[in-house]
Amino acid sequence: MDSSSDFTCRICLAETESKHSTALFTTTGLSQGWPSRLTELLRVDVAKDDGLPRHICRSCRGKVATIEGKLQNLRALAQESLRKLRGKCSGERKRSKDTSGGLGVSPHTASVRPPAKRQYGALRKSLFSANGDSSTGEL
């Protein structure tokens, strides 16, 4: 399976022409980080001497790039949500401290409660609409 004329995609096993595939272990493949990208994203071992196909087809390259983009967007969304939630909780703790005579406990409750679910829904909706996504929460 390791012949130089074999352009089988390591991911989907499609046979492609050399111009439609990227060799994983050439200068180009290595400079674009394909072996490590596949290992990190797909959780598959990729080694030059494993006897498996050494190419990735155009379709699988596109799918990997799409997944990486969506993952990056999801990470950014999660970080922004966490920042907003921490800011909101910090504000609630500060207000609680101001009304408790310095004890940090609200006179109405013994602990700071997280926002109600409906508040999370509104926050989620504002985050998704801010990222140009629908309010469904789909990626």
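Position 1 is the first residue of the sequence, and the numbers go up from there.
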- Item | side-chain hydrogen bond (donor to acceptor under 3.5 Å, both in side chains) against Glu68, all qualifying residues, sequence neighbours excluded |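 By the side-chain hydrogen bond (donor to acceptor under 3.5 Å, both in side chains) rule, Glu68 matches Arg37.
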- Taking only residues two or more places apart in sequence, or in another chain, which ones meet Arg83 in a side-chain hydrogen bond (donor to acceptor under 3.5 Å, both in side chains)? Glu80
Distance, nearest 0.5 Å, that separates [atom1] of [X] from [atom2] of [Y]:
| X | Y | atom1 | atom2 | answer |
| --- | --- | --- | --- | --- |
| Asp45 | Leu42 | CG | CG | 11.5 Å |
| Arg10 | Thr8 | CZ | OG1 | 11.5 Å |
| Ile11 | Leu24 | CD1 | CG | 7.5 Å |
| Ile67 | Leu74 | CD1 | CG | 12.5 Å |

- Give a yes or no answer on whether the side chain of Ser21 reaches the backbone of Ile56 with a donor-acceptor pair at less than 3.5 Å.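 The answer is no, because no donor-acceptor pair under 3.5 Å joins these two groups.
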- Message: Treating Thr22 as the side-chain partner and Gly29 as the backbone partner, does any N or O pair qualify as donor plus acceptor under 3.5 Å?
- Response: no
- Partners meeting side chain to side chain contact (heavy atoms under 4.5 Å, CB included) with Ser59 (sequence neighbours left out): Cys57, Lys63
- Task: Going by the side chain to side chain contact (heavy atoms under 4.5 Å, CB included) test, name the single residue among Lys84, Arg86, Gln79 that passes it with Leu82.
- Result: Arg86
- Evaluate the side-chain proximity of Phe25 to Val46: yes if any heavy-atom separation is below 4.5 Å, no if none is. yes
- Message: Measuring only between side-chain heavy atoms, which start at C-beta, is Trp34 closer than 4.5 Å to Arg61?
- Response: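 A side-chain contact under 4.5 Å exists here.
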- For Cys9 and Cys60, which heavy atoms make the closest approach, and how far apart are they? SG-SG, 3.7 Å
